[in-house]
Amino acid sequence: MSGPLAGLRVVEMAGIGPGPFCAMLFADLGAEVIRIRRPGGTIFDTEPRFDVTGRGCRIVELDLRETDAVETALALVEKAEVLTEGYRPGVMERLGLGPDVCLTRNPRLVYGRMTGWGQDGPLAARAGHDINYIALTGALHAIGRPDTPPPPPLNLVGDFGGGAMFLAFGVLAAVLEARASGKGQIVDAAMTDGVALLSAGRFAGRASGRQTNERGNNMLDGGAPFYDTYACADGNFIALGAIEPQFFTRFREICGLHDPLFDEQMNKEKWPAQKRALAAMFRTRGRDEWVTLLGGDDTCATPVLDWDEAIGDPHNTARNTFITIDGVTQPAPAPRFSRTPTAVPRSARVSGDDTHEILGKWGLAKPHIDRLLA
């Protein structure tokens, strides 16, 4: 393994969505990630290479209803620095793998727990999904147009932004502390907490009076004409983000917008009229024509690309933002490191192929392994 996390051993309890994504982040940066999965337990009914968030991880199949399997999981935990899980509160305890048991076996262990609502609170035991978590924190209310219901922003904000990324951040912070103190701890990563923290700037705006509670009425939520998307003549879209006066001025110069209507960029009373004028202007040319006109200068105007177009974009291509592994195009590991660069990840493994090798490598005795596999 290569990358800044080389040498870090992580045990991940198999799950879906943000849990595997967090494990992929660790593996991408060089950690040795062992995913404990029940025999035959996979959400993919196709080839493993399509399981992008499983890349770089290795799989140990354990039926945790069996005493030997639980003991095997604890033996792996003894050798690891990190355990991550994304089950509802209480599930790991019922399996015999709760934090008290694991930290007794390995006092230096960082025990990362990720849920939507957190390990405590009135909703802790309730089911939910990304849309519910971002709704409860106020973030969903702020997304979309004022005359339509808030749209689901995929599951990027709660699952991956507020959940997986904060779990990874919290776990690595706890690892640093454990390496200094010799003591592990529990990391409680709730998506509601993470999304609320992602919204820190919005709460600052509310407190200062710079931002209203109305959707589509503020600078970054589609209220401002200079920070929005516009339909072009060919049905495609352009994204405009000319916030700073110098960028907006250059945008006006290139587009020939000499109308005094645009002289007061930050006058919110003028925004509706400015937006109507810009919408009419952008409908006069196709998206690529606008890119040719605006893309070579500091206008903060870019095309809105679909997934396929993004892969072939010249900037993304130059930076190798997307890579192809076993015929599957996918995002490359990020961020980039100057001294400890990451390697190209390997595809997800066929479930169970690694069990025998990993258990032996991690110090389990051959008779135990043979009995477990039998």
Side-chain angles (χ1 to χ4, degrees), residues 139-140 142-157 160-161 198 201-202 205 210-212 214-322 329 331-332 334:
L140 183 59
I143 299 172
R145 304 297 178 182
D147 53 349
T148 61
L154 302 179
N155 64 332
L156 301 179
V157 179
F160 298 110
L198 288 173
R202 309 286 74 74
R210 292 181 290 106
Q211 181 163 321
T212 73
E214 301 173 46
R215 182 169 60 257
N217 189 46
N218 302 283
M219 183 182 296
L220 301 181
D221 64 6
F226 48 83
Y227 197 91
D228 205 348
T229 58
Y230 292 93
C232 302
D234 54 6
N236 290 311
F237 299 89
I238 200 86
L240 179 65
I243 297 175
E244 290 81 2
Q246 66 271 29
F247 302 147
F248 187 63
T249 297
R250 186 62 184 138
F251 168 73
R252 288 184 62 187
E253 290 172 351
I254 293 176
C255 294
L257 294 173
H258 305 302
D259 191 325
L261 171 66
F262 295 97
D263 289 348
E264 298 180 68
Q265 180 187 356
M266 295 299 173
N267 185 343
K268 293 185 71 171
E269 294 182 0
K270 300 288 184 69
W271 283 3
Q274 291 177 357
K275 182 169 287 192
R276 287 192 297 270
L278 290 181
M281 181 193 75
F282 277 113
R283 284 195 295 267
T284 63
R285 302 178 189 228
R287 182 193 67 185
D288 293 346
E289 294 179 83
W290 284 114
V291 171
T292 299
L293 181 66
L294 299 170
D297 214 315
D298 282 340
T299 60
C300 300
T302 52
V304 177
L305 303 179
D306 63 28
W307 300 114
D308 296 329
E309 291 175 316
I311 292 170
D313 175 76
H315 179 80
N316 294 334
T317 301
R319 284 187 57 82
N320 294 316
T321 300
F322 297 95
T329 300

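Excluded from the calculations below are hydrogen atoms, water molecules and symmetry mates; all remaining heavy atoms, backbone and side chain alike, are included.
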### Task
Check the pair Arg215, Asp147 against side chain to side chain contact (heavy atoms under 4.5 Å, CB included), reporting the backbone distance first and the verdict last.
CA-CA 9 Å; Arg215 182 169 60 257; Asp147 53 349; over 6 Å; no
### Query
From Arg276 CZ over to Trp271 CH2, what is the distance, rounded to the nearest 0.5 angstrom?
14.5 Å
### Query
Is any side-chain heavy atom of Glu309 less than 4.5 Å from a side-chain heavy atom of Asp306?
yes
#### Entry: Heavy atoms of other groups near Gln246 CD, more than 12 under 6.0 Å
yes
#### Entry: Check: Met219 and Met266 side chains under 4.5 Å, non-hydrogen atoms
yes
### Electrostatic pair Arg283:Asp234 at N-O distance under 4.0 angstrom
no
### Query
Does the Asp297 side chain pair with the main chain of Thr299, one donor and one acceptor, at a distance under 3.5 Å?
no
### Query
When you measure from the side chain of Arg252 to the backbone N and O of Phe262, does any donor-acceptor pair fall under 3.5 Å?
yes
### Message
Treating Gln265 as the side-chain partner and Ile243 as the backbone partner, does any N or O pair qualify as donor plus acceptor under 3.5 Å?
### Response
yes
### Query
So, does Asp298 use its side chain to make a donor-acceptor pair with the main chain of Arg250 at under 3.5 Å?
no
## Note on the structure
Note: Pro146 and Gly216 closest approach over all heavy atoms is CD-CA, 4.0 Å
#### Entry: Value rounded to 0.5 Å, distance of NZ in Lys275 from CZ in Phe226
9.5 Å
### Query
Shortest non-hydrogen contact from Asp263 to Asp259?
OD1-O, 4.1 Å
### Task
With the side chain counted from C-beta on, respond yes when Thr302 and Ile238 share a heavy-atom pair under 4.5 Å apart, and no when they do not.
no
### Query
Between Glu264 (side chain) and Lys270 (backbone), is there a donor-acceptor pair under 3.5 Å?
no
### Query
Minimum heavy-atom separation for Cys232 to Arg285, with atom names?
CB-O, 3.3 Å
### Message
Using side-chain heavy atoms (C-beta onward) and a distance below 4.5 Å, is Val304 in contact with Asn236?
### Response
no
### Task
Show your working on side chain to side chain contact (heavy atoms under 4.5 Å, CB included) between Ile254 and Leu293 and close with a plain yes or no.
CA-CA 8 Å; Ile254 293 176; Leu293 181 66; 3.7 Å; yes
### Query
Does the side chain of Ile143 reach to within under 4.5 Å of the side chain of Pro151, using non-hydrogen atoms?
yes
### Main-chain N/O of Asn217 paired with Asp221 side-chain donor or acceptor, under 3.5 Å
yes
### Query
Side chain of Arg287, backbone of Phe237: donor and acceptor closer than 3.5 Å?
no
### Query
Do Leu140 and Pro153 have side chains that get closer than 4.5 Å, going by heavy atoms?
yes
### Query
Any ring-ring contact (aromatic ring centres under 6.0 Å, His included) pairs touching residues 286-306, not counting sequence neighbours?
Phe282-Trp290
### Query
What's the verdict on side chain to side chain contact (heavy atoms under 4.5 Å, CB included) for Leu294 and Cys300, showing C-alpha distance, side-chain angles and the deciding distance?
CA-CA 8 Å; Leu294 299 170; Cys300 300; over 6 Å; no
### Query
Can you name the nearest heavy-atom pair linking Ala242 to Phe248, along with the distance?
O-CB, 3.6 Å
### Task
Side-chain contact test, heavy atoms from C-beta onward, threshold under 4.5 Å: evaluate it for Phe322 versus Asn316 and give yes or no.
yes
### Residue pair Thr284 / Met281: nearest heavy atoms and the distance that separates them
OG1-O, 2.6 Å
### Task
May I ask you to decide if Leu220's main-chain N or O and Asn218's side chain share a donor-acceptor pair within less than 3.5 Å?
no
### Task
Take Arg319 and Asp313, measure what salt bridge (charged side-chain N to carboxylate O under 4.0 Å, His left out) needs, and give me the verdict at the end.
CA-CA 10 Å; Arg319 284 187 57 82; Asp313 175 76; over 6 Å; no
### Task
State, to 0.1 Å, how close Leu278 and Pro225 come at their nearest heavy-atom pair, and which atoms those are.
CD1-O, 3.5 Å
